[in-house]
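Sequence lines set the chain letters: A, B, ... in the order given, protein chains first and strands last, and positions in each chain run from 1.
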Amino acid sequence: GDKFKVAWSIYVGWMPWDYGDSSGILKKWADKYGIEIELVQINDYVESINQYTAGGFDAAVMTNMDALTIPAASGVDSTALIVGDFSNGNDAVILKGKKELKDIKGQNINLVELSVSHYLLARALESIGLVEKDVKVVNTSDADMVAVYTTPSVTAVTTWNPLVSEILAMPKSYKVFDSSKIPGEIIDLLVVNTKTLKKSPKLAKALVGAWYEIMANMQGNGAKAIEARTSMGVASGTDLKGYDAQLASTKMFYKAADAVAFTNSAALKDTMAKVASFSFDHGLLGDGAPNAGFIGIESPAGVFGDKKNIKLRFDPTYMQMAADGKL
Amino acid sequence: MAVAQIEAKSLWKEYGDNTVLEQVNVQVEKGEFITIVGTSGCGKTTFLRMLLGVEQPSRGELLLDGKAFPAEPGDDRGVVFQRYSVFPHLTVLKNTLLSEEFHQSRLLGKLFGQKKEQAEERAKEMLESVGLSHVLGQYPHQLSGGMQQRLAIAQALIRKPKILLLDEPFGALDPGIRADMHDLILGLWNETGLTIFMITHDLREGFYLGTRLWVFDKIRLDPQCPHCFGSTITYDIDVGQTKGSLFQAIDHSLEDSRKFLVQ
Amino acid sequence: MAVAQIEAKSLWKEYGDNTVLEQVNVQVEKGEFITIVGTSGCGKTTFLRMLLGVEQPSRGELLLDGKAFPAEPGDDRGVVFQRYSVFPHLTVLKNTLLSEEFHQSRLLGKLFGQKKEQAEERAKEMLESVGLSHVLGQYPHQLSGGMQQRLAIAQALIRKPKILLLDEPFGALDPGIRADMHDLILGLWNETGLTIFMITHDLREGFYLGTRLWVFDKIRLDPQCPHCFGSTITYDIDVGQTKGSLFQAIDHSLEDSRKFLVQ
Amino acid sequence: MKRLLNQHPDTTQKIILGVLPFVVLLLIYLVASDARLVKNPDDKLLPSISDMGRAMEKLALQPSKRTGEYLFWQDTGASLTRLGLGVGISALIGLFFGILNGVIPYSRINLSPLITVISLIPPLALLPILFIVFGLGELSKIVLITFGITPFIIRDLQGKVLELPDEQLIKAQTLGASSWLVIVRVVLPQILPRLFEALRLSLGAAWLFLIAAEAIASTDGLGYRIFLVRRYLAMDIILPYVAWITFLAFLTDYILRSVSVRFFPWFHSTK
Amino acid sequence: MKRLLNQHPDTTQKIILGVLPFVVLLLIYLVASDARLVKNPDDKLLPSISDMGRAMEKLALQPSKRTGEYLFWQDTGASLTRLGLGVGISALIGLFFGILNGVIPYSRINLSPLITVISLIPPLALLPILFIVFGLGELSKIVLITFGITPFIIRDLQGKVLELPDEQLIKAQTLGASSWLVIVRVVLPQILPRLFEALRLSLGAAWLFLIAAEAIASTDGLGYRIFLVRRYLAMDIILPYVAWITFLAFLTDYILRSVSVRFFPWFHSTK
Ligand SMILES: Nc1ncnc2c1ncn2[C@@H]1O[C@H](COP(=O)(O)OP(=O)(O)OP(=O)(O)O)[C@@H](O)[C@H]1O
Ligand SMILES: Nc1ncnc2c1ncn2[C@@H]1O[C@H](COP(=O)(O)OP(=O)(O)OP(=O)(O)O)[C@@H](O)[C@H]1O
Ligand SMILES: [Mg+2]
Ligand SMILES: [Mg+2]
């Protein structure tokens with residue numbers, strides 16, 4: 001049968017893929033549809049998206065914002081096949097020694113520039129009437145965020161889990177804003193190249209089918225679920241307890257129907273409009289982009305931006321099939 | 001009239017503005033033993049390198065058996081330099097074997113089995129004649145300077161070149177060892193009858209060894225422009241007919257050039 | 001009885017199992033010019049290094065003015081090696097100035113102003129006497145080998161050491177230039193009256209220059225164990241009373257050792 | 001008193017002096033670690049020796065629950081394989097072009113400027129491109145090492161070939177050698193020990209590129225593990241891993257040197 | 001026909017041969033870029049030359065909308081400052097310990113083993129510790145460069161001091177020099193040109209560490225920009241930046257060499 005390559009990187013919402021691979025669930029579904037799926041772990045998240053954009057992979061995991069600014073902005077028509085979860089506290093703004101968000105004014109803030117952390121910060125500032133100019137952003141690699149935070153010169157960071165929990169465990173660290181205040185805006189997706197999807201719907205069916213079987217397996221406190229989550233925890237460098245803590249601040253869509261409902265909502269369209277305008281402001285949509293709507297984003301609630309230049313699509317078709325038990 | 005083995009016809013050699021040799025005219029017959037003396041930098045090595053084919057004349061002609069000189073080194077002309085003449089990564093025996101291997105194995109440059117044994121036989125004979133049979137398996141760095149030069153000579157002579165070029169081969173050796181080498185080289189020359197060119201700094205050595213002695217020197221000296229004029233052969237002496245006074249005359253003329261250069 | 005300037009009393013030098021010198025007994029008066037000959041590796045340089053203070057005797061005593069030899073080099077003993085005797089990064093004048101600067105400026109090793117001018121005056125005089133006044137501003141690499149050695153001598157002599165040690169100082173030079181150097185060194189020795197030790201490979205040179213000639217050689221030779229026995233002074237000749245037959249005898253004895261070593 | 005530059009320590013002094021700095025460093029670490037741990041027993045920055053021992057025991061002596069492998073040894077094996085392949089390939093390419101460029105003027109003039117320019121490109125800046133061209137598998141890691149050290153090896157060996165005395169090449173020709181025979185019998189055997197030297201000089205860079213590559217795309221390897229646990233500031237794993245890498249670097253250097261001394265006695269005794 | 005190793009190209013051939021590989025590479029790029037752009041006009045992987053020109057024009061010739069600075073020149077300035085400081089400090093430390101260890105046996109025996117071990121530690125693996133100890137500012141970047149290249153410089157210079165002929169040190173002592181005077185008048189001036197050589201050899205590594213440091217935490221610099229715009233695959237910025245870094249590396253090397261030739265004529269003509 002056909003061979004497909006899927007890239008993933010270590011993050012709480014994507015660890016199920018690793019479990020799916022090691023437990024054989026993914027292979028089972030691939031066999032069912034007569035295809036082969038190779039799941040490739042990539043340490044560096046951005047690199048995995050770049051590879052997908054360059055054509056090295058048929059699908060990759062990424063956030064809604066990165067899906068817009070990297071593949072879609074590079075002209076690679078992409079479809080969000082699975083809406084796996086949204087961050088519900090997993091991303092946070094943390095201050096050292098200060099307890100209020102308004103204390104952030106004038107500080108240096110260490111974060112991965114142009115990432116969802118940057119977006120979260122922008123939303124946090126917006127919520128108290130500040131703009132980005134009121135702070136100074138220092139680009140900092142996520143791998144070093146924890147180490148960097150221990151130095152006295154670093155007083156404010158915006159980052160994601162597991163870094164958030166590591167940092168909060170240190171004395172005098174206060175979470176002043178997190179993604180639970182903007183629920184549903186930072187979304188973790190599995191994105192597939194639209195052309196590949198059209199040519200091989202089997203790939204979509206196998207991936208979605210596998211995903212919801214994994215979801216079913218990992219939920220709850222049964223021995224099987226514990227084993228699954230332990231495996232995910234260890235693979236991400238922590239243990240069951242650490243992983244469960246991260247899950248707690250992640251709104252997983254364990255049921256396909258929930259994911260479909262989220263995708264169909266008008267809120268998603270609004271979210272993408274906000275993300276597009278943030279991206280445009282930061283030059284992420286490319287030099288040629290005249291406005292935030294330059295790249296069309298299609299969702300069940302309608303199209304945001306240029307209808308003739310749709311490059312990012314939210315398509316609940318296959319998740320619907322899963323919800324209907326038709327896979 | 002028979003063609004001379006080597007002939008130079010109004011030969012000039014210049015490096016840019018620096019004229020090294022000018023107007024060299026000379027003929028050499030097969031079997032001569034020519035020793036060359038001259039002050040440092042006068043162009044002796046340059047002349048030898050032309051005979052090797054490493055340098056080409058700027059003007060004039062240099063002929064080998066009546067034909068233009070080959071423009072690169074070949075196995076008809078052997079050479080021994082003052083240093084670096086043997087291969088440091090090969091033992092004495094393998095150094096001597098090398099030219100056989102080059103000839104018989106164009107692909108690997110290595111002989112095996114019977115061919116190798118035969119070649120080794122010949123190499124050992126050659127090493128016997130230069131007195132190195134007792135160190136066959138040693139590397140050059142384990143040998144004294146004199147032994148290294150003997151090895152270089154054995155290596156150069158084993159394929160019986162027509163011409164042997166020696167550039168101060170004994171310059172770095174002790175006077176005592178030098179005398180041994182003289183005996184050796186004269187013996188080999190008598191046996192094989194090849195043509196030898198040998199550069200030396202020691203006028204006495206030149207007179208003792210050669211059948212013919214050349215002095216390279218500048219005829220014209222310009223203190224304002226030491227490199228404007230080149231050297232040529234100022235003395236060309238059949239060494240059979242040497243007189244004491246001639247020795248003195250050469251020694252003085254060299255002395256003058258030397259003084260001139262040192263200032 | 002006056003104390004000898006230098007005295008060796010049953011001096012031995014060993015490197016591990018290798019006995020280099022054995023049982024050297026000798027006295028040297030101020031103002032002597034001692035030339036040292038011997039086969040390669042017989043320990044001449046080792047002896048000189050002991051006089052320098054770089055090596056210490058393994059057994060026996062070496063005395064300077066009746067006291068134990070200093071264990072490191074000092075400015076009472078000048079030295080000229082065959083190579084590397086001048087500093088490549090300093091011009092001729094600065095090379096010669098160096099010892100003055102060392103003495104007058106312990107902190108920076110640099111002189112300025114009037115002191116510098118005075119020191120330069122003296123250095124120039126010294127360079128005049130070795131015939132280098134015309135190249136004051138040049139670097140050693142711009143000089144010929146002979147000029148470099150003249151510079152080394154000037155450099156060594158300017159602070160008037162009591163003893164001058166020369167290790168084959170002219171070994172790398174042309175025979176012609178060598179003769180000049182002989183005149184130079186004899187002239188300087190006559191003027192200053194210092195004690196000179198000079199190693200040479202050339203027996204003739206040894207006889208010509210010295211007032212006293214030493215031959216280092218092994219008395220006992222064991223073919224099974226060439227390093228078991230060391231050299232000592234086998235001839236100690238007052239050169240005034242030289243006979244032709246002695247020269248021959250020495251030459252032959254050296255020849256024998258050499259042959260022995262080469263095998 | 002002799003001048004300082006003439007004073008040589010005796011054997012006992014040598015050992016004491018050589019070991020001293022390490023002992024001092026260790027003491028400083030122990031004191032600093034202790035001080036931090038007293039203030040905050042959960043401090044991860046300077047773990048105690050026993051913490052490190054426990055962490056390493058888990059990785060090196062207990063099979064991983066997930067895969068049943070001994071992670072530490074798996075990491076070591078994966079990294080050494082990549083390093084070996086990368087360095088090996090670089091050695092071959094370096095040897096080939098080094099000799100070619102050194103011996104054949106046409107080749108040298110054709111390729112030297114390009115190699116010089118390539119050697120100036122910082123490979124880390126090109127990482128994204130490398131990954132896109134060579135994919136994310138083992139290949140790209142080996143390519144990064146190769147890309148990082150080969151230009152240096154080529155230039156070094158080319159220089160070493162050019163340093164061979166001209167006399168040797170001339171002599172070989174007077175003995176009847178063709179260009180090819182000069183290469184195989186005169187140049188190659190004399191350049192091999194220099195290749196070993198060049199490799200020893202490049203090993204540091206090779207480790208660097210290996211770690212950088214493993215940090216970006218990998219599922220095992222010493223560099224991967226360090227980057228994985230960096231997020232949790234697990235210094236109890238990072239420090240022993242760094243020490244282990246340092247030891248491996250020392251070991252490879254030692255092995256390369258020993259092999260060279262063993263096979264090229266003539267090279268090491270003339271130096 | 002002469003043997004290949006005896007054939008030398010003439011001047012015209014030299015120029016053509018030298019330039020050829022670059023022309024070929026450029027052509028390959030143009031063709032590949034064109035092919036991708038035909039398939040997907042928004043492709044960012046292999047941008048056209050004019051795209052790169054436009055991107056660079058914006059960075060180099062137009063002030064940034066956000067800060068009003070000319071980003072390209074700001075990046076260049078920041079990176080060169082860090083590089084200069086890092087390399088300069090390494091040079092001073094290297095010179096100090098190189099000479100000390102080379103001249104004074106006690107110091108060499110005391111410090112050499114430690115420096116050897118430090119030189120084997122891969123600095124990238126130690127990054128977290130560096131950040132914690134030296135903070136996140138400019139200091140840590142400079143320290144990374146220093147930590148990365150100083151051990152090499154020390155070892156190289158120490159070796160070079162030991163290679164100075166023993167005769168020179170003895171001669172200086174017979175002229176009345178103390179240990180200190182041997183250092184300032186004999187060793188130091190002869191080691192300076194070698195320091196320049198060592199620096200030229202370390203520049204590649206210095207750039208590497210600079211880029212790595214800027215990638216981890218920074219607000220400007222060439223390495224920062226490359227890693228930042230990687231976030232949206234802006235190869236139209238990355239490629240010119242890499243070319244620019246390569247050019248700067250070439251330039252610094254050239255300057256170091258010229259300065260050395262200018263100030264140490266005796267060194268360059270004896271070689
Ligand atoms: N390849 C070259 N390029 C430029 N000049 C050269 C070259 N080879 C030799 N020369 C010059 O030619 C002159 C003669 O040099 P050559 O080596 O022939 O002298 P020589 O007589 O052998 O001296 P010596 O006795 O010192 O060996 C010198 O001035 C030298 O600088
Ligand atoms: N530092 C050392 N360690 C061990 N052996 C040494 C040392 N220095 C010299 N030797 C040995 O001592 C012996 C004498 O060496 P020395 O240099 O004194 O000889 P030489 O008479 O000066 O010879 P040449 O005429 O070749 O200069 C040699 O066998 C040498 O190998
Ligand atoms: Mg010559
Ligand atoms: Mg000696």
*Non-hydrogen atoms of A/Ser141 and E/Ala215 that approach each other most closely*: CB-O, 4.1 Å
_E/Glu214 side chain reached by A/Asn139 side chain, heavy atoms, under 4.5 Å_ = no
_Please rank A/Asn50, A/Thr53, A/Thr69 by heavy-atom pairs under 4.5 Å with chain E and give me the top one._
A/Asn50
*For A/Val46 against E/Arg230, the heavy-atom pair lying closest together*: CG1-O, 3.7 Å
*Region of A/Tyr45 that comes under 4.5 Å of a non-hydrogen atom in chain E*: side chain
*Side chain, backbone, both or neither: which part of A/Asp77 has an atom under 4.5 Å from a heavy atom of chain E?*
neither
_Which portion of A/Val154 sits near chain E, non-hydrogen atoms under 4.5 angstrom_ = side chain
*Of the non-hydrogen atoms in E/Lys44 and A/Ser74, which two are nearest, and what is the gap between them?*
CD-OG, 3.0 Å
*At a heavy-atom separation under 4.5 Å, does A/Ser115 approach chain E through its side chain, its backbone, both, or neither?*
both
*asked:* So for atom OH, which belongs to E/Tyr29, do other residues, nucleotides or ligands contribute more than 12 heavy atoms lying within a distance under 6.0 Å?
replied: yes
*Approximate separation, where rounding is to 0.5 Å, of E/Phe134 CZ and A/Thr151 OG1*: 12.5 Å
*chain E: which of A/Leu114, A/Ile70, A/Val112 shares the most heavy-atom pairs with it under 4.5 Å?*
A/Leu114
*Is chain E contacted by the side chain of A/Asp66, its backbone, both, or neither, given a heavy-atom distance below 4.5 Å?*
side chain
*Given a strict heavy-atom distance threshold of 4.5 Å, which part of E/Arg36 is in contact with chain A: side chain, backbone, both, or neither?*
side chain
*asked:* Counting only non-hydrogen atoms closer than 4.5 Å, does E/Asp51 touch chain A with its backbone (N, CA, C, O), its side chain (CB onward), both, or neither?
replied: neither
_I need the residue from E/Asn40, E/Leu45, E/Val229 with the largest number of non-hydrogen atom pairs under 4.5 Å to chain A._
E/Asn40
*Between atom CG of A/Asp144 and atom CG of E/Leu130, what is the distance when rounded to the nearest 0.5 Å?*
10.5 Å
*Between A/Glu113 and E/Thr219, is a side chain to side chain contact (heavy atoms under 4.5 Å, CB included) present by the stated rule, with each step listed?*
CA-CA 10 Å; A/Glu113 233 179 292; E/Thr219 53; 5.9 Å; no
_Winner by heavy-atom pair count (cut-off under 4.5 Å) against chain E, out of A/Ala73, A/Ser153, A/Pro71, A/Gly55_ = A/Ala73
_Separation of E/Ile216 CD1 from A/Asn110 CG (nearest 0.5 Å)_ = 12.5 Å
*Take atom OH of A/Tyr174 as the centre, draw a 6.0 Å sphere, and report whether it contains more than 12 heavy atoms from other residues, nucleotides or ligands.*
yes
